[in-house]
Structures are given as structure tokens and as C-alpha cells.
Amino acid sequence: MIPHLLPRGTCLCSEFEMPQTPFYIAHYLDRAITEPASRLFPDGFAADVKPADPRFGDFQANGILPYARRHRVNPREAAHTLLEAADESASWDPAWVTAEIAGPGFINFRFSNAFLLAWLQQYRTESDLRSAAVSLQAGRRAVVDYSAPNTAKQMHVGHIRSTVIGEAVARMLAFSGATVIRDNHIGDWGTQFGILIMAIKETGADPANLGPDPLQALEDLYRKGSALATADPNLQERARHELVLLQQGDPGNTALWEQIRTVSYEGAQEIYDLLGITFDHVHGESFYRDRLDTVYDELVRHGIAQEDDGALVVFHPEHPRFARQPFIIRKRDGASNYATTDLATVLYRVEELAADAIFYVVGAPQSDHFEQLFLTVGKWFEATGRPQPEMRHLSFGTILGEDGKSIRTRSGEPPQLKALLAEAVDRAYALVSDKNPSLTEPERREIARVVGIGAVRYADLAQNRTSDYLFSWERMLSLEGNTAPYLLYAVARIHSIFRKSGIAPGEQEAAATPFESEGEIALARKLVQFPAALEQSLADLRPHLLCTYLFELSGTFSSFYNSDRVIGAETAVESRRLLLCARTLCILETGLHMLGLETLERM
RNA sequence: GCGGGAGUAGCACAAUGGAUAGUGCAACGCUCUUCUAAAGCGUAGGUUGUGGGUUCGAGUCCCGCCUCCCGCGCCA
């Protein structure tokens, strides 16, 4: 339930009746004009309320224009009629929000300074925001499938996007009320094991004793195996056979596979510890192997899959491309592949986890695979009478190096994630030591960790996930522009104000009067846009919209900070400015935490 | 060849079919005896690849063309 604005005439200052302001204000305004509109315009009126350019108002409703066109009426007149009816039914208190018609027929809503203050007095803490936000996705049960490294390989820069975006998406969903199941779907059942097992047997390596960097050793072994297989068709065949043996439960290969898995998990865990990420499931593809026969049987029985050239494949005759481009679910040699395990995984998630939504945070090059997967699941579950989960591929672009090509080290390999994160922390350490040498060594280390890791994560999140992005140390660690250091600096400065004043955030706000200065008003208006930004970001699960909002909020705060002195102002003024600082701090920290960043008290 | 994505200021990027296309770097000015100047303020910078179309309104939707990236039978 969205709480309602006070009806007109209610006393705003009663101690017993705290004024209630809606959290999702756009929803409130939408309903407030949709209700009278449903009487005036019986057929299909959508209010279309969205954040407005601050010059025009706080929110605007654009729905009149398409309506007027459809019904050949004058849009401004229709808007006028609508506003009169809304006014009649006291949809909003004019002391809090005013509406006016502008341009060809926009309805602009503008909040009063009293409203801004009331809103900010109501949503005071991260937990206030959280409890108010949950109405958006309450009851939804969503699996977020992300990170998904392969066993026997170091995580490299290519995994950062899935890991970082997936974590942010999971947090955003959870914040807005969904039950989130974080699932790290590790690639531990594929072709690479055939090659690896073959290589182990050929070279006589001991997977239980791989030296100081066992994961690196495995990766080298894999590379060696690949080279062997490429050079010698017999070994290629041998590798395939080892995989088939493994998938058939051969005890020797299973033991090797267990050892490889253990080494790989431990390696990946280092990264997750560094990023503060915990999964609910780290099942891996292998976990689903006892469901693969169900997949084959049911898809064949319902005529969805067919034999083709020795393999079991699914075609989608209605689709322009997948009518001929197969979805291979069983290879000619009888081995499963990731199409098979992905199908089995959907089955598990729907039957055992009762998921009603599954989000795959995987790179754009795999979009064909997911499109085929979703089509196949649709037919399969339709035929078997299972509930259809919402499935979405949250695809993302490639990370490019400064040369505009897919990022590589000098040796031609993608940079390792561990090394990349370490370099970020080192660079941040150099920066903080330079900018703030008075801090103690341990303080600078801690700041470097938060800023360095945060910079890498934020650089990734701040950009539209669907496009490729250019990796640049200089840019991501800059204190200028839409970067983690800039946002963290804003947070640190607010903490500094409270530290200097000896006041805790949230204290000494009682004397606050409505905002007056340009800086105060701009900041307050920006703060109340937080729910709308969250909602927009959630609509297509695009974290960069939340980033943009937080960056703009930081900028608005910095302007305010430079123009309006907080400490030492006259009591009522100081009080309301402290309130603004406390709320800015709260929303910035809430937002940054939602993106997976830690925040600092000084830097 | 077929299919997908992309092309916005010198550079990196925003912009849910809406109002005068924004932000940050870089450039040029200005502002620290005052809460962190790691900041703020200002100036300049655009035929949104290109040609058509739909619309009251197009960077956004449709069609053609150009350029780049990616995918397309047993890898994940």
C-alpha cells in the first residue's frame, strides 16, 4: 500500500498524526490523476508520470497528449478538465504539490518546500527507505545467475562484469522487496574437463600437489592440453572420450574432477571475499547431471527435440534463424553440453526453488544461446504443464582496452581479475597517500581498498550494461566526473561535517524550517527523486540509472556545500541544513551499498 | 550470406516517443583567514553516421545505405 498524501484541511502539525507522504511519489501522482481520468476519459488513458526537467517541475504527466490525439480533442482543454476533476476530489493537498498545464499539454507537478521537508522527515534512515521500498517487488522470487567462472581457470577481467553487475542487480531486487536467490552457476561439467584430464594423464601431473599457485598450474595444464589436442587428432579424440567417461561416472576421472573443482573453488573464493560477495548456491553445472535424462526424455517425447546428424537438437521452425540454427542438447558422442545443463537448471529452479523469475547476467555474445534456451523452455514447460518462469538475459558488452579492442595483457591474455583488483588498490593507495598524507598507514590502506575496489566496480556499473566499455585506470580513479572516488568523497565530506560539529546524523533536526536557499531547495528536490531513480533502474535492471542519479545527487550536494555553510548558521537554518546533510548521506550510502560499494568516513 | 548490437561535442559517456540533446574529461577564465579545493562557479564546444518515412512531437519508432563489433553444428 502506498500511503496517501494528507487530504486537505488535516492539521500538519499534530503530534499525534504524523503527516504521511508516499515513498513512490510518481505512483501516487499517477493514481491521483488516473482516478478522475477514468471517469472523464472512459477509454484508455495512461497518465505517464515521470521525473521532469527541474525547470518545469518535479514530475510531469505526459499522458494527455497521446489521449488527445486519439480522440481528436484539444490537449490543453482536456488537461484543464482533468485537473479540475482532480482538484474536486482533493487528490492532493495544494499546500504540498501544485499542478499546472504547460506547453502543448504537459501537466507539471511541483512540490512545495513544506512537502520536501515532510518527505525528508519521514524517510530518515536506510532502514526507513528499505521498508518503504519493498512494496515494488514484494512476493517475487528471483534467481540471479551471475559470475559463473569456469573451473580450472583463473577468473579474468571478463568475469568482472557478470560478477559486479549481478551482485548489484541482486541487491537492487532484494532492496525493493524480492526474495533473491544468488546462484553462481560454475562451469564445472564441460569439455574443458576432457582436455584437462587428458593433459593430466599425458603429462603425469599430480592435481593434489600443484605447487604454490595451484589454480595457475591447472590453467597452464589446460593450455598445454589444448595445444596437444589441436596438434594431435588422437589426443583430441582421447579428450572427448575422457569427458564421456567422466559424465558416465568413471571413478578415476571423477576423483580427478573433484580435486580440480576444489582448487578452482578456493581460487574463486579469494575474489569473492575481496568483493564481499556471498552466494546462496554454488552448484555448478555438474549438480544438475541427474536431471539430464529428464531433459532428453521429455523433449523427445513431446516432439521438441530431434536427432540430427547424430546429435540431439532443438529447432524452432517459427523462428527466422533458429529454424535452421540448432540448439544442440546432446552431442554426437553422447555427452551433454551447457544447453543441456541450462535446461536442467531451469527445471530445478522452478521445481525446487519455486523461482518465478530467472535473470542470467551473461555477456552479449551468448544472446543466441539464451534466446534458444527461453524458446525451448517455453515449449517444454507448456507441453508438461509447468509454470512458466520469467526469464531474462541481462546481457552486457565487452570490456575494451585503451586501443578500443577487447582488453588483453602484453602476452595476449585477458588480465587476471586478482591482479587487476590488486592494481586498483595499489593505485588508490598512491592517490590517497598523495592527497591526504596525514592519515595513518592503516587508514590509507583501508581507504585504498575501498576506493580501489569501488572504482573498478563503479566504472563497470556506471555505464549502460548493454554497450561495450573502455577500461581506463585514469578515468575510473579520477576524483572528477561520474566515478566512485567522487561519490565516496561526497560521503566523506558529509561525515566530516558531523565529525567537526560533534552532532550525529539525524540529530538536532527538530528546529528545521522549510528550505529557502537555492542550494537547499535543489538538494531537497533531488533527494526526493531517489525512489523514482530506483524504480527506473529496476524497470530494465540497469544499474547505471541509479549511478547517474547518485552522481547527480553528489553534484547537487557539492554545490550546496560550497554555497551554504552548515555549521554555525542560525538555529533553524543550521537544523534544516543538518537534515539535508544527514539525508544526503543516507541516500548516497544506501545507493552505493545497493550497488555493492563500501563507503568511508574519511578519505 | 543470415542474424544481433553499436555509431551523439576533440575524448569517454547520458538522455523510459516529449519541452532549448545533457554530464564529465580535455581547453579558457574565476573562487580557499570559513564544515576535506580530491571541490565549486562560469565560458566555449552539436546538421545525434547518412538518405527517406511515420508522428502534434524522433537521438529514440519504420525502411534503405555506410562503418565498426559480435554470433551462426557438436566450446562455455
Side-chain angles (χ1 to χ4, degrees), chain A residues 48 50-53 55-56 60 62 65-66 68-69 75 102-106 108 148 150 153 187 189-192 195 240 285 308-313 319-322 324-333 335 337-339 341-342 362-369 371 395 397-398 400 404-406 431-432 434-436 451 462-464 466-470 472 474-475 478-483 485-486 488-490 492-501 535-536 539-540 542 544-545 547-548 551-552 554-555 558-569 577 581 602-603:
Chain A
D48 193 20
K50 49 187 66 171
D53 184 319
R55 284 172 298 186
F56 302 128
Q60 63 182 76
N62 295 342
L65 289 156
R69 173 179 31 184
F106 303 115
N108 292 334
N150 289 319
K153 269 189 174 173
W189 203 235
T191 307
Q192 79 269 30
I195 293 176
R240 266 201 205 104
E285 297 175 315
D308 195 273
D309 201 10
L312 191 61
V313 308
H319 192 280
R321 200 153 19 106
F322 304 138
R324 312 197 53 135
Q325 184 178 319
F327 190 51
I328 298 171
I329 64 170
R330 189 176 60 209
K331 302 194 286 182
R332 197 187 340 208
D333 60 15
N337 64 6
Y338 82 138
T341 49
D342 271 1
V362 180
Q366 289 187 48
S367 55
D368 275 5
H369 168 75
E371 209 179 323
S395 89
T398 311
L400 307 176
K405 294 187 173 158
S406 177
L431 269 175
V432 66
D434 178 46
K435 301 285 188 190
N436 213 341
V451 172
Q463 196 156 132
N464 190 345
T466 56
S467 43
D468 292 351
Y469 102 88
L470 211 72
S472 159
E474 203 183 326
R475 250 193 283 278
S478 166
L479 281 298
E480 291 159 3
N482 190 5
T483 66
Y486 178 82
L488 293 173
Y489 178 65
R493 289 217 288 190
I494 302 174
H495 275 294
S496 177
I497 291 173
F498 287 107
R499 201 162 48 234
K500 282 276 161 62
S501 65
E535 204 180 341
Q536 281 187 326
D540 283 308
R542 292 190 298 166
H544 84 279
L545 295 173
C547 293
T548 301
F551 170 59
E552 287 172 359
S554 298
S558 291
S559 301
F560 159 81
Y561 178 92
N562 272 46
S563 63
D564 295 15
R565 191 171 170 80
V566 178
I567 301 167
R577 290 185 181 170
C581 288
R602 59 180 93 214
M603 67 183 270

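Just so it is clear: chains get the letters A, B, ... in the order the sequence lines come, proteins before strands, and each one is counted from 1.
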**Asked** Base, sugar-phosphate alone, or nothing: which one does A:Leu431 contact when heavy atoms must sit under 4.0 Å apart?
**Response** nothing
Note to self: Tell me whether A:Arg324 at atom CZ has more than 12 heavy atoms from other residues, nucleotides or ligands lying less than 6.0 Å away.
What the structure shows: no
Report task. Using the C1' atom on both, measure B:C63 against B:G24 and round to a whole Å. Result -> 36 Å
- Do the side chains of A:Ser558 and A:Tyr486 get nearer than 4.5 Å, heavy atoms only? yes
- prompt: What distance, rounded to whole Å, do you find between the two P atoms, one in B:U16 and one in B:G7?
  reply: 13 Å
For A:Ala569 and A:Arg577, the nearest pair of non-hydrogen atoms, with its separation, is CB-NH1, 4.5 Å
Whichever of A:Ser367 and A:Phe560 has the more 5' nearest nucleotide on RNA chain B, that residue is A:Ser367
Checklist line | B:G3 versus B:A12 - spacing of their C1' atoms, nearest Å | finding: 30 Å
Taken to the nearest whole Å, CD1/A:Ile494 to P/B:A38 is 17 Å
Next on the checklist: Below 30° counts as parallel, above 60° as perpendicular, anything between as tilted: where do the rings of A:Tyr338 and A:His369 land?
Outcome noted: parallel
Identify whether a stacking contact exists between A:Phe56 and B:A19, where the ring centres must be under 5.5 Å apart and the planes under 30° apart.
-> yes
In 5'-to-3' order, the base (B), backbone-only (S) or no-contact (-) status of each nucleotide in nucleotides 7-16 of chain B, using a 4.0 angstrom heavy-atom cut-off, is -----SSSSB
In whole angstroms, the gap separating P of B:A58 from CG of A:Leu65 amounts to 13 Å
When rounded to whole Å, the NZ to P distance for the pair A:Lys500 and B:C35 reads 7 Å
*asked:* Quick check on A:Lys331: does its NZ atom have over 12 non-hydrogen neighbours (other residues, nucleotides or ligands) under 6.0 Å away?
replied: yes
Pairing string of RNA chain B (Watson-Crick or G-U wobble, both atom distances under 3.5 Å; | = paired to other strand) is (((((((..((((....[...)))).(((((.......))))).....(((((..]....))))))))))))....
Out of B:C35, B:G40, B:A19, minimum distance to the side chain of A:Val566 belongs to B:C35
Here the distance between atom P of B:A38 and atom CD of A:Glu474, to the nearest Å, is 18 Å
Interatomic distance at C1', B:G17 relative to B:U34, whole Å: 49 Å
If you restrict it to nitrogen or oxygen atoms, what contacts under 3.5 Å exist between nucleotides 66-68 of chain B and the protein, and what is each distance?
none

When the P atoms of B:G45 and B:G10 are compared, how many Å lie between them, rounded to an integer?
12 Å
Reading nucleotides 71-76 of chain B from 5' to 3' and marking B where a protein heavy atom lies under 4.0 Å of the base, S where only the sugar-phosphate is that close, and - otherwise, the string is SSBBSB
If I pick the C1' atom on B:A15 and the same atom on B:U20, what distance separates them, to the nearest angstrom? 14 Å
Picking from B:C25, B:A19, B:U20, the nucleotide nearest the side-chain atoms of A:Glu480 would be B:C25
Across the strands shown, which category fits A:Asp53 at heavy-atom distances under 4.0 angstrom: base, sugar-phosphate, nothing? nothing
Salt bridge (Lys or Arg N to Asp or Glu O under 4.0 Å) filter on A:Arg330, not counting sequence neighbours, yields A:Glu307
Which atom pairs link the protein and nucleotides 32-34 of chain B when you take only N or O atoms and keep those under 3.5 Å?
unit_1, atom_1, unit_2, atom_2, d
B:U34, O2', A:Arg565, NH1, 2.6
B:U34, O2', A:Arg565, NH2, 2.9

Rounded to whole Å, CZ of A:Phe106 lies from P of B:A19 at a distance of 6 Å
Among the nucleotides B:G57, B:G24, B:A38, whichever has the atom closest to the side chain of A:Phe551 is B:G24
| query | Is the centre of the A:Phe327 ring less than 6.0 Å from the centre of the A:Phe322 ring? | reply | no
Under 4.0 angstrom, heavy atoms only, what part of the nucleic acid is A:Pro75 near: base, sugar-phosphate, or nothing? nothing
Worksheet item: So, is A:Arg493 near the phosphate of B:A37, with a side-chain N or O under 4.0 Å from OP1 or OP2?
Response: yes
Separation of B:A19 atom P from A:Arg55 atom CZ, nearest Å, is 9 Å
query: Heavy-atom distance under 4.5 Å between the side chains of A:Val566 and A:Phe560, does that happen here?
result: yes
Beyond-backbone contact of A:Leu431 with A:Val451, side-chain heavy atoms, under 4.5 angstrom
no
When rounded to whole Å, the CG to C1' distance for the pair A:Asn108 and B:G18 reads 11 Å
>> In the structure I gave you, are the side-chain heavy atoms of A:Glu371 and A:His319 within less than 4.5 Å of one another anywhere?
In response: yes
Stepwise side chain to side chain contact (heavy atoms under 4.5 Å, CB included) check, A:Ile494 with A:Phe498:
CA-CA 7 Å; A:Ile494 302 174; A:Phe498 287 107; 3.7 Å; yes
Expected label for B:C32 (glycosidic angle, syn inside 90° of 0, else anti) would be syn
| request: For nucleotides B:G4 and B:C62, find the distance between their P atoms and express it as a whole number of Å. | output: 11 Å
Pairwise P distance, B:G51 and B:U8 [rounded to whole Å]: 16 Å
Does any non-hydrogen side-chain atom of A:Arg321 lie less than 4.5 Å from one of A:Asp368?
yes
Exactly one of A:Asp309, A:Asp308, A:Leu312 clears side chain to side chain contact (heavy atoms under 4.5 Å, CB included) with A:Arg332, and that residue is A:Asp309
Between A:Asn436 and A:Met603, is any pair of side-chain heavy atoms under 4.5 Å apart? no
request  = Quick one: label A:Ala102 by what it contacts on the DNA or RNA (base, sugar-phosphate, nothing), any heavy atom closer than 4.0 Å.
outcome  = base
Between the CG atom in A:Asn62 and the CG atom in A:Asn108, the distance rounded to the nearest 0.5 Å is 8.5 Å
